[in-house]
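These notes are about the structure you will find just below.
Chain identifiers are assigned alphabetically (A, B, ...) following the order of the sequence lines, protein sequences preceding nucleic acid strands; residue numbering begins at 1 within each chain. Just so it is clear, the values below take in all heavy atoms, side chains as well, and ignore hydrogens, waters and symmetry mates.
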Amino acid sequence: MGTGSLSLVRLYALFVVFVALSLVLAARLSYWQLAQRADLVAQAQRQVRQAEAILPRRGAVYDRHGSLLATTVSLQSVYAIPQQMPDRAAAAKELAPTLGVDAETLRVRLEGGAEWVYLARRIPEDVSAKVKAEALPGVGLRPEPKRTYPNDAVGAALLGFVTDDGDGQYGLEGRYDATLRGLPGHLVVERDPANRALAVGLREVTAPTDGSDLVLTLDLVIQSAAERELARVMTAERATGGTIVVMDPDSGALLAVASAPGFDPNAVARANPESFRDRAVSSMYEPGSTMKPLTVAAALDAGAIDLTSSYEDKGYAVIGGRVLHNAQGKSYGRLDISGILEKSANAGAVFVAQRLGAERLYRSFEAFGLGKPTGVDLAFEASGQLRPLRDWYPVDLGTAAFGQGVSVTPLQLATAYAALANGGTLYRPYIVAEQRRSDGTVERAAPQAVRRVVAPETAAAMRRLLTNVIDRGIAHAAAMPGYSVAGKTGTAQIASPDGRYLDDEYISSFAALLPARDPRYVVVVVLERPESRLLGTLSAMSAFKGLAPDLLRVARLDPDR
Amino acid sequence: MRRAPRLRAGRPLPTRQQRRSPAVTLGAAPRLFLLSAGALATAFLASLLYLHFATAIATGGYELHALESRRAELQREHDLLEVQLRRLDAPTRIESEARRLGLAKAARVFVIDTGAIVAGR
């Protein structure tokens, strides 16, 4: 056998061995790849595949000029994996001053047996930077959404707030929660042990639908001014609560809704839950003399009286066998309709109501929207209270005429006065002007006229009468040099749970149209339990006078007289 | 009597071409071997190429992940700065700052009525 033949044999042998090994390898691979494929794929998927919910962005809230009122940002939360921490007590000691938490509290939490635990949630950026710098083993940061209100307490009761779980509560956040929150998406992705998405791995995404942005009718400048004035007079009067509503009478658009005491929606945990209530829509009170213009308007519109009608004021009126007195028992002699409002004579209101009759007065109050929710797009609106006519005693005709035995919300009163301001049409008040959806479509709210309440001539007459109240009547303190103002004060007693009135506790209010000749604003100020009691209306007017220059400046209104 | 040798047909002489290339004498098995070896080498090279690209894609994926994280962080910081800006822009803050600086509110703001704006040359 030659050398060449030997080499060839060796080569053949090597080839056979190589082929045999390849076959064995191929067979083994085939076994794993074909026979065991399903199990292996399932195991691998379990290890690397993760299904996650993609949170939608909660819609932002803007005022009518685009100023941001509420938005969602991401803040870092600190978590710990106790098993990865070599010395939990030492870590707790090191983290405690940074997080502003007691070290013992932290240690207990770390040693509670949990595999994964939050140590602090949604912390400020400077604190998260410190935690990151400390780089403690087993301690990490993860972003979490946080609802933020850049204007702090301004408009808080109107806006409401969002809980840590992302649920809107109170105000707009509650009322428009479904619109703002959007729909979550889903992500199925394969990740490596470092939790990074595999570049060539599976990635199935169902995109979330972000929440709609809301553009409000609110004007941040007016809202801020209203809250400033409300806070000022509340402090001066040590009042327990207060409200200012500013409305555009030609549309029912709400320009400001201030409610006090307020709260900071950025720090809800420290707030008094009572302050979450938006008093403008949920607080009912007896309007007192601010009701008289509605009584007079109803009687004028029905032709039961005219502007020359008059009566002899003796300081009281007798109705249904009961004697109803003027405030402080004053008598004014002969008073015409303007005089009744200028002096705010209860007896005069009774005189007008008797001319009109209970049936027509009741129907007129209903037409002005009393006793029913206005339908404003805010949460927890109260309906006010207007007892059914069949339950009225004869004396109720008189007391209702000057605002006793009837309760309203400040918003209801503003809506009724807006009808006098705009020529007699009752509008549904509204706060959301636009909903901007994530797909780019925009839904705009149109002003909604509910009904005609009084004739335009009646409304015009009422504006003149209420201007007289400011110019030479009881509300002269609200006069604005150079501008016509129409308005009416009101002082009401507070009903106790047993149906009586509380001694020496009052609610003072003031309702105004500005400017009176062509009203651009309706302003209602309500103060609860002012320290000056019967003089609380002076403070209510003071709040109006403090706010009015801002309103005139925003509307760029020249003096009209 | 001696017979004349019988003529047998011998193996034909190699042609000139055959004389020059003796390798062609390999049988079917070596040819298969060479083909298999070539295929394996090709597969090996293809695997190397695949690994190279797979590694490059994976590396790119991690870079993408890092960039996405960076983008998310920048977006987060941007949102926080936006809120800070709006906070500084709030009317209440500006008003209190003005008070701190001793500024007083104008008693009255004059509005100039320019009448109807008429375009003209």
Side-chain angles (χ1 to χ4, degrees), chain A residues 4 8 11-12 14-16 18-19 22 57 60 62 67-76 124-125 143 146 148-154 191-192 194-201 219-225 227-228 231 266 480-483 546 549-550 552-559, chain B residues 22-23 25-37 39-40 43 50 53-66 68-69 72-73 75-96 99 105-114:
Chain A
L8 209 56
L11 207 56
Y12 286 161
L14 188 65
F15 175 63
V16 168
F18 189 77
V19 167
S22 297
R57 186 188 69 88
Y62 300 92
S67 295
L68 186 67
L69 301 175
T71 189
T72 301
V73 294
S74 279
L75 289 181
Q76 302 286 11
E125 284 297 281
K146 163 81 177 167
T148 302
Y149 303 86
N151 300 287
D152 298 329
V154 175
R191 294 188 182 278
D192 68 6
N195 207 32
R196 296 173 298 192
L198 295 177
V200 289
D219 187 316
L220 181 59
V221 173
I222 297 178
Q223 177 73 26
S224 302
E227 297 208 6
R228 178 197 67 217
N266 295 308
M480 299 279 300
Y483 291 92
D550 293 273
L552 296 168
R553 193 177 299 120
V554 168
R556 294 183 166 83
L557 288 176
D558 255 347
Chain B
T25 58
L26 285 173
R31 200 174 294 130
L32 184 64
F33 166 73
L34 283 177
L35 278 173
S36 303
L40 283 171
Y50 169 78
F53 284 123
T55 310
I57 289 171
T59 308
Y62 288 131
E63 281 173 14
L64 184 70
H65 181 270
E68 278 177 351
S69 301
E73 178 59 19
Q75 182 65 51
R76 195 182 74 81
E77 287 174 13
H78 171 269
D79 291 347
L80 288 168
L81 289 170
E82 178 76 23
V83 169
Q84 200 177 335
L85 183 68
R86 300 294 186 133
R87 204 177 280 279
L88 293 170
D89 209 22
T92 44
R93 194 202 70 85
I94 292 172
E95 201 168 316
S96 64
R99 269 200 305 272
K105 225 178 215 180
R108 184 171 160 188
V109 175
F110 292 93
V111 180
I112 301 170
D113 185 3
T114 57

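Interface check for chain A: of the options B:L64, B:D89, B:V83, the most heavy-atom pairs under 4.5 Å are formed by B:V83. For chain A, the option among B:Q75, B:R86, B:E77 with the highest count of heavy-atom pairs below 4.5 Å is B:R86. By number of non-hydrogen pairs under 4.5 angstrom with chain B, the leading residue of A:T148, A:T71, A:L220, A:L552 is A:L220. When A:P481, A:G482, A:P559 are compared by the number of non-hydrogen pairs under 4.5 Å with chain B, A:P559 comes out ahead.
If you measure heavy-atom distances from A:Y149 to chain B, the contacts under 4.5 Å come from the backbone alone. Looking at B:E73, only its side chain comes within 4.5 Å of chain A, counting heavy atoms on both sides. Heavy-atom distances place no part of B:Q84 under 4.5 Å from chain A, backbone and side chain included. Heavy atoms closer than 4.5 Å to chain A are found in both the backbone and the side chain of B:I57. Of the two parts of B:T59, neither the backbone nor the side chain holds a non-hydrogen atom closer than 4.5 Å to a non-hydrogen atom of chain A. Residue A:E125 touches chain B through its side chain alone, counting heavy-atom pairs closer than 4.5 Å. At a 4.5 Å heavy-atom cutoff, B:L88 makes no contact with chain A through either its backbone or its side chain.
Closest non-hydrogen pair, A:L75 versus B:R76, comes out as CA-NH1, 4.0 Å.
You'll find the side chain of B:P91 reaches within 4.5 Å of the side chain of A:N151, heavy atoms only.
Among residues two or more places apart in sequence or in another chain, the side chain to side chain contact (heavy atoms under 4.5 Å, CB included) test is passed with A:V19 by A:F15, A:L23. Remark: A:R553 engages A:P549, A:D550, B:K105, B:V109 in a side chain to side chain contact (heavy atoms under 4.5 Å, CB included) (not counting sequence neighbours).
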